Structures are given as structure tokens and as C-alpha cells.
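Taking it in order: structure first as C-alpha cells, then the write-up.
Within every chain, numbering begins at 1; the chains are lettered A, B, ... in the order of the sequence lines, protein sequences first and strands thereafter. Atoms considered below: every heavy atom in the structure, side chains included; atoms not considered: hydrogens, waters and symmetry mates. Quantities reported herein were computed from a predicted structural model and do not represent experimental measurements.
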Protein chains: 2
Amino acid sequence: MRKRENIILKTIKDKGLKITPQRQLIGEVLDGNKTHPSAEDVHKKVSEIAPTVSIATVYKTLNSLADLGVIQRLDVGDGKTHFDPDITAHSHFVCLNCRKIFDVATSVPLPDLGKDFKVVRAQAVYYGYCKECQDQTEE
Amino acid sequence: MRKRENIILKTIKDKGLKITPQRQLIGEVLDGNKTHPSAEDVHKKVSEIAPTVSIATVYKTLNSLADLGVIQRLDVGDGKTHFDPDITAHSHFVCLNCRKIFDVATSVPLPDLGKDFKVVRAQAVYYGYCKECQDQTEE
DNA sequence: AGTTCTTTTTATAACCATTCCTAATCCCTC
DNA sequence: GAGGGATTAGGAATGGTTATAAAAAGAACT
């Protein structure tokens, strides 16, 4: 069984960017991450291993990766940008109580809005209450 | 032909809030507004008539109205919250070039995600290029 | 009109996420 | 091992939003 390659680090390399220790760490934190972390979340994780990595570097790397299309920016209305390394077609569910973000398989197709609007991306966000928070408020 | 009533001001009254001159103005700016203004946009408009109205009052009023459900918060990833007095089911198209927000009739239905996720609201945002910006980049 | 109680507004400070700036550092190549 | 480009750290700056506290405005009652 061989180790799955980290697509994020691969893309950094492919695009001619340098694999620095900072980027390596950020790539590892993101790889396969299903928690939709904010920049601060990523920085916290990275800091556990390399406490000197600055938040500015984290922002810069995340923005580069998003611009390259290897990760996705995700806005759910909580004032911070979240990042999702899963760029396959899927939507998100946000719990209005605990604010956790969940992946949902349902994806909205790119609609045809006529030639006045050339659609290149569709993002659906569903709001509601997750299992845990439903149970909690029921008692 | 009689004047259409302003649903926003009506709701303020119905909920027991006072109709102050400030709220009156904000209500009038919002009523029928299709431009999806940010708090700052609203404040600018209001200031043309009453220059002493503070931005804090605008924020407080907009948040109250959104919490009451007469207007809708709208996040499109530009760092600021936009407000939409149209609360009927519809989606939004955001131009990646000029950042203008357009209404689109298409609306996504509330999906059934099983009992683990109780969905109460669905929001779809489409990104792309509007007519004007398509023309602009073509030449 | 005056008193009291509540709501609302204002102005300013505080807050937080994000970006900017600049000097220092690293890596490559000559 | 010196120059040059890319990258980083750290802190200052920015911009949207909210908190705070004091003043103003209303309403109810006398």
C-alpha cells in the first residue's frame, strides 16, 4: 500500500512555486481536511508544529492555492473565509446553532441564465440544525 | 391610484418598534430597492437627506429588520454583508468582474438531507460575468 | 408642564479578519 | 561567496462591524 500523494503540494510544485517548509505544513494540514478551516484554524494547526509561521504567510499561501484552484474559498456568513480542499462538486450545510459546516453530496448544476449572464460557478449553502443541535434543543 | 404601502415600515410598527425618523428613512431607502446595498450604501443614501444619522443606527436597524425577517442578509464573499428587501424565493448572480449583484428567478428548493440535517433555508449564489463585463473584455 | 421609565440614537472606542509594508532570510546561479 | 529573485516574519494599517456609555426622544401618567 503506497502513500497517497498530496495534490496540494504537487500543484505548488507544478506551478513553479517553491516547496518551503511553511507551505509543506499548510499543505499537510489541508490535505484531506473535511473541517472547512478558516485561516486562523490553519494557522493554529501549523503553529503546533512550527510556532514561528506567521499568519500572513498562511493567508498568502491559502490565497495562492485558492487562486490556483486547488482549494476552494467558502463563505457561510460568519465573517470569516473558510477553505475547502475538496473541489469536487458538492454543497454545504451550516448549522445555525453550532456553526459547524458539513459537506452534502447534493450539488446544484450551473444554470443557464441566458447570454447576459455567463455562469462559471454555482455555490449552494443550506442552513438549518445538525443532529447534535436538534437533540440538544429537544429536551 | 393609491400609494403602495411600505411593508418594512409596517413591520416595524407591527412588532412594537417605534417609527423614528431614522428608521423611516432607512425603510424608504430599502423599499423596493433592487441594488442589494451594504450597510455603508444605505448610510450614504440616508445621509443625503439626514446627514447626522450615524452608521451604528443603520447597522442596528438593518440587523433588526433582518432578524424580523422583513429583509434578507446576503453574503457574496466580498467582505461585506448586503441586504435585500426582496424576501421571495430567488437566487443571486454575482459578476466576478464588476462585483454587481443581480437577482435571478431560479431558486433552489429546500433539499431533504435526512433527519440528521433539518434544513430551514437554502441560498444559491452564481458567479460569472454580466453582459456589460462580457462585452468589455471581448474587444 | 413635570416626573419617571423605556427606547432609541449618537459618537467613539474596540474588535476581528485580512492585507500591506519592509527588512531579513533563503535559495539559486554565476 | 556575491548578486538577485522569491519568500517569510512581524507588526502596522485597513475596513467592516459591534460594544459601550451618555445624551436625547417618546410615552404614560399626574
**OP:** Please report, rounded to the nearest Å, how far the P atom of D:dT17 is from the NZ atom of B:Lys80.
**Re:** 8 Å

Subject >> Nucleotide nearest B:Tyr59 (side chain, heavy atoms from C-beta), chosen from C:dT18, C:dA11, D:dG16 >> reply: D:dG16

Original post:
Has A:Thr81 got a side-chain N or O lying under 4.0 Å from the OP1 or OP2 atom of C:dT18?
Top reply: yes

Subject >> Proximity of A:Phe117 and B:Phe102 rings by center, below 6.0 Å >> reply: yes

Subject >> Between D:dT17 (C1') and B:Asp67 (CG): distance, integer Å >> reply: 14 Å

**OP:** Please answer whether the main-chain N or O of A:Val76 pairs with a side-chain N or O of A:Tyr127 as donor and acceptor at a distance below 3.5 Å.
**Re:** yes

Original post:
What's the NZ-P distance between B:Lys60 and C:dA11, to the nearest Å?
Top reply: 12 Å

Subject >> A:Ile12/A:Gln24 under side chain to side chain contact (heavy atoms under 4.5 Å, CB included): CA gap, chis, key distance, verdict >> reply: CA-CA 9 Å; A:Ile12 290 177; A:Gln24 176 107 31; over 6 Å; no

Original post:
Rounding to a whole Å, what distance do you find between B:Arg73:CZ and D:dT17:P?
Top reply: 10 Å

Subject >> Short side-chain donor-acceptor distance under 3.5 Å, A:Thr11 and A:Asp14 >> reply: no

Original post:
Does B:Ser38 or B:Pro21 map to a spot on DNA chain D nearer the 5' end, using the closest nucleotide for each?
Top reply: B:Ser38

Subject >> Integer-rounded Å distance: D:dT14 P and B:Glu40 CD >> reply: 16 Å

Subject >> Same apolar cluster (I L V M F W Y, side chains within < 4.5 Å links), B:Val94/A:Leu113 >> reply: no

**OP:** Specify the separation, in whole Å, of atom CG of B:Leu74 and atom P of D:dT17.
**Re:** 12 Å

Subject >> Candidate list A:Leu62, A:Asn33, A:Asp84, test side-chain contact (heavy atoms from CB on, under 4.5 Å), partner A:Ile71, passing option >> reply: A:Leu62

Original post:
In this structure, which one of B:Leu25, B:Val58, B:Val53 forms a side-chain contact (heavy atoms from CB on, under 4.5 Å) with B:Val42?
Top reply: B:Val58

Original post:
Expressed in angstrom and rounded to an integer, what is the separation of A:His43 atom NE2 from D:dG11 atom P?
Top reply: 12 Å

**OP:** For A:Asn63, answer base if it contacts any base atom (sugar-phosphate contacts may also be present), sugar-phosphate if it contacts only those atoms, and nothing otherwise; contact means non-hydrogen atoms under 4.0 Å.
**Re:** sugar-phosphate

Subject >> Rounded distance (Å) that lies between atom P of D:dT14 and atom CD1 of A:Ile55 >> reply: 20 Å

So which protein N/O to nucleotides 4-8 of chain C N/O distances come out below 3.5 Å?
unit_1, atom_1, unit_2, atom_2, d
C:dT7, O4', B:Lys18, NZ, 3.4
C:dT8, OP1, B:Lys18, N, 3.3
C:dT8, OP1, B:Arg23, NH1, 2.8
C:dT8, O5', B:Arg23, NH2, 3.4

